[in-house]
Each structure stands twice: as C-alpha cells, then as structure tokens.
Amino acid sequence: MSPMAASPAGGLETTVSAAVAAPGEQNASAPPGLPGWRRLLGVTGLVLVIACLLPPLATLARRYVFAESLQFCVLAMAGPALIVLGAPWRFLRLSSAAGRLAAVRRDKRSFGRAAVFLIAFVAVCLAWRLPPAMDALARQPALVVPEALTLLAVGGGLWLELVDSPPLAPRLPRPGRAAVAALAMWSTWAVAYVLGFASHAIFHAYDAAGSGLSAVADQEIAVGLVWAVAGACFVPVVITSMLGWLAGGEDTDEEFQRVFRDENQRATVRGWGPRPRRRPTSSA
C-alpha cells in the first residue's frame with residue numbers, strides 16, 4: 001500500500017500515490033488511505049440525488065418554487081460536490097474509467113478545461129432557472145430527467161477541477177481553484193437574485209394555494225436556499241485553497257509554471273530547436 005499524504009488544508013486535497021501518478025498507468029482499485037468521512041460524503045451525495053428524483057420532494061417541486069430550488073441545489077451543487085469528494089468510483093464500478101481519465105487529464109492543460117466547465121456550469125444553471133424552463137418543469141415532470149443529467153454532468157466536471165477525487169486530481173494552482181469556485185458561487189447568487197427578488201410572481205405554473213404561502217414569499221425562500229447552498233459548497237473551497245497556498249509557502253508564479261511545464265515540453269517541435277554547430281573542416 002503506497003502512502004498518501006494529506007494536504008495542510010485539512011484533507012480536501014489528498015496527494016495521489018506514486019502508482020497512480022505514473023503517466024499512462026491505470027489504477028483499477030480504490031486509492032488507499034482515503035479517509036472514512038470522505039467515503040461517507042460520496043454515499044451521502046448519491047442518496048441526496050436519488051431522494052430529489054423521488055416523492056415526496058419530486059412531488060413538492062412541481063408545486064412550490066422553494067422545493068424545486070432545493071432540488072436544483074442538490075443536482076447542480078451539493079450532489080456533485082459530495083460525490084466528487086467521496087470518490088465512489090469503485091462503488092460505481094468506474095475505477096478503470098477514472099484511472100484512464102486521470103491519465104488523460106495529466107497530459108492536458110487545466111486552465112482551458114476549467115474555463116470550459118465553469119462556462120458550461122453557469123450556462124446550464126441559468127438555462128434551468130429561467131422562468132419558461134421553471135414553468136415547464138412544473139407542468140412536465142419528465143423534464144427533471146434531462147435537468148438532472150445536465151446539471152450533474154456540468155457540476156461534476158466543475159468539481160473535478162476544484163478538489164481531489166483519487167485517482168483524479170485537479171491541476172489548477174490553488175489560487176486558480178479559489179477563483180473558479182468564487183465565480184461559480186457569484187454567478188449562482190446573481191441568477192437567484194435577479195429571478196427571485198421580484199415584487200410579483202414571475203413563475204406561473206406553481207400553485208401554493210391553501211398552504212398560507214404567497215407566491216412572492218415562495219420565491220424569496222427559494223433565493224435564500226440557493227444562496228445558502230451555494231455558499232456552503234463553494235466558500236470552503238475558496239478558504240481551503242487559499243489557506244493551502246499560503247501554508248505551502250509557494251510562489252504563485254512557481255505553481256503556474258509547474259502546470260505549463262509538461263505542456264511546453266510537449267510543444268517543442270523537433271527541428272525547431274537550436275542546431276548544433278558544425279566543426280570547421282580543414283581544406284587540403
């Protein structure tokens with residue numbers, strides 16, 4: 001069993017073992033040394049996702065905006081975050097696929113990939129929070145399936161860029177991870193603020209009649225839920241990333257150079273480098 005070194009940030013980042021870190025090598029088993037609480041997080045995330053797709057929450061989400069928002073928060077943020085942190089790849093029989101993906105990710109730059117997942121996360125979340133999409137979800141319950149698939153996909157991809165999920169490891173420098181997490185959180189807050197704090201009902205397919213909850217109050221509760229869940233998910237990443245960077249005592253330039261080092265080596269084209277000098281030949 002190869003040793004695993006815990007990061008100074010409290011375990012959110014676990015150093016991948018030497019066997020996993022070997023280029024092109026696949027790890028078909030669960031990484032040794034993953035804390036038990038991390039494994040429990042993965043199971044909790046899976047349970048929450050399944051619970052959101054079943055009654056009673058699935059039924060309430062078709063009637064109340066705050067219940068639909070809670071469902072959205074689990075599918076887009078809390079569920080992917082817990083699953084990625086728990087790294088349940090062996091439980092899901094995805095160990096081989098995770099090992100291959102880890103090898104591919106090690107050979108590619110992370111800045112562009114992280115930007116793509118961040119943009120996709122913001123775009124997909126915005127698409128499902130627009131009033132026409134929200135009303136369609138209330139009228140057509142089957143739409144929750146594509147909503148869940150798209151949100152879990154972009155959310156999982158984003159979280160793989162932010163935290164360690166052995167054998168997968170983020171390649172962004174810690175300040176970059178903090179910036180991506182902050183942007184994802186702020187975008188979610190902005191969407192919730194624009195759509196939620198209105199003096200009139202902007203969602204028309206939800207009916208809270210008979211519950212004593214007005215449409216405006218329902219929307220305001222939904223905004224509070226989105227803000228709270230987004231903060232609970234992303235703020236710890238921002239804090240631990242910055243604390244880990246400061247405690248490591250590494251220069252920002254050094255971390256960025258480490259990310260680009262392999263890419264620069266691969267970009268060297270044979271024949272473009274400096275040519276060796278020819279020794280002068282003596283003429284007879």
Next item on the list: Assess whether side chain to side chain contact (heavy atoms under 4.5 Å, CB included) is satisfied between Val191 and Cys125, documenting all intermediate values.
Entry: CA-CA 9 Å; Val191 172; Cys125 289; over 6 Å; no
Item checked: Gap separating the CG atom of Leu75 from the CG atom of Leu152, nearest 0.5 angstrom -> 5.5 Å
Notebook entry, point to check: Cys52 and side-chain contact (heavy atoms from CB on, under 4.5 Å): which partner among Val47, Leu57, Leu70?
Noted result: Leu57
Notebook entry, point to check: Any idea how Phe66 and Tyr64 line up, ring-wise: parallel (<30°), tilted (30 to 60°), or perpendicular (>60°)?
Noted result: tilted
Checklist line | Point-to-point distance, once rounded to the nearest 0.5 Å, from CG of Leu60 to OH of Tyr206 | finding: 12.0 Å
Check: Passes side chain to side chain contact (heavy atoms under 4.5 Å, CB included), Phe234 versus Val180? Steps please.
Finding: CA-CA 9 Å; Phe234 292 111; Val180 170; over 6 Å; no
Checklist line | Verdict with supporting geometry, Thr150 and Val154, side chain to side chain contact (heavy atoms under 4.5 Å, CB included) | finding: CA-CA 6 Å; Thr150 53; Val154 297; 5.8 Å; no
Notebook entry, point to check: With distance as the sole test, does Asp135 use its side chain to make a donor-acceptor pair with the main-chain N or O of Phe203 at under 3.5 Å?
Noted result: no
Notebook entry, point to check: Between Pro170 and Asp164, is any pair of side-chain heavy atoms under 4.5 Å apart?
Noted result: yes
Item checked: Stepwise side chain to side chain contact (heavy atoms under 4.5 Å, CB included) check, Phe91 with Leu46 -> CA-CA 11 Å; Phe91 174 76; Leu46 293 172; 3.9 Å; yes
Note to self: Show the nearest heavy-atom pair for residues Val65 and Ala222, with the distance to one decimal.
What the structure shows: CG1-CB, 3.8 Å
Item checked: Interatomic distance, Leu41 atom CG to Leu82 atom CG [nearest 0.5 angstrom] -> 5.5 Å
Check: Is it the case that Arg129 and Thr188 place a side-chain donor and acceptor less than 3.5 Å from each other?
Finding: no
Next item on the list: Supply the atom-to-atom distance Cys233 SG to Met185 CE, rounded to the nearest 0.5 angstrom.
Entry: 11.0 Å
Checklist line | Spatial distance of atom OG (Ser241) from atom CG (Leu162) [nearest 0.5 Å] | finding: 7.5 Å
Margin query: Would you say that Phe117 contacts Leu160 through its side chain, given a criterion of any heavy-atom pair below 4.5 Å between the two side chains?
Written below: no
Checklist line | Minimum-distance pair of heavy atoms, taken over all atoms of Ala215 and Ala201 | finding: CB-CB, 3.6 Å
Checklist line | Closest approach of Trp189 to Ala230 (non-hydrogen atoms, all atoms of both residues) | finding: NE1-CB, 3.6 Å
Note to self: Is the shortest side-chain heavy-atom distance between Trp227 and Tyr193 below 4.5 Å?
What the structure shows: yes
Item checked: Backbone N/O of Ile202 and side chain of Gln219: donor-acceptor pair under 3.5 Å -> yes
Notebook entry, point to check: Measuring from Leu246:CG to Arg174:CZ, what's the distance to the nearest 0.5 Å?
Noted result: 10.0 Å
Note to self: Ignoring hydrogens and geometry beyond distance, is a side-chain donor-acceptor pair present between Trp159 and Ser165 at under 3.5 Å?
What the structure shows: no
Item checked: Pairwise side-chain contact, Phe111 with Arg171, heavy-atom cut-off 4.5 Å (strictly under) -> no
Margin query: Looking at Pro236, is its backbone amide N or carbonyl O close enough to the side chain of Thr240 to form a donor-acceptor pair, meaning the two atoms are under 3.5 Å apart?
Written below: yes
Notebook entry, point to check: Can you check whether Pro166 reaches Arg38 side chain to side chain, under 4.5 Å on heavy atoms?
Noted result: yes
Item checked: Side chain proximity check, His204 to Met134, heavy atoms < 4.5 angstrom -> no
Check: Can you tell if the side chain of Leu53 reaches within under 4.5 Å of the side chain of Val145, non-hydrogen atoms only?
Finding: no
Check: Within a strict 4.5 Å, meaning less than it, do heavy atoms of the Arg139 and Arg62 side chains meet?
Finding: no
Item checked: Salt-bridge contact Glu161-Arg177 (side-chain N to carboxylate O under 4.0 Å) -> no
Checklist line | side-chain contact (heavy atoms from CB on, under 4.5 Å) partner of Ser187, the single match among Leu126, Val122, Leu118 | finding: Val122
Next item on the list: Using atom types as modelled and distance alone, determine if a side-chain donor or acceptor of Arg39 lies under 3.5 Å from a backbone N or O of Gly86.
Entry: no
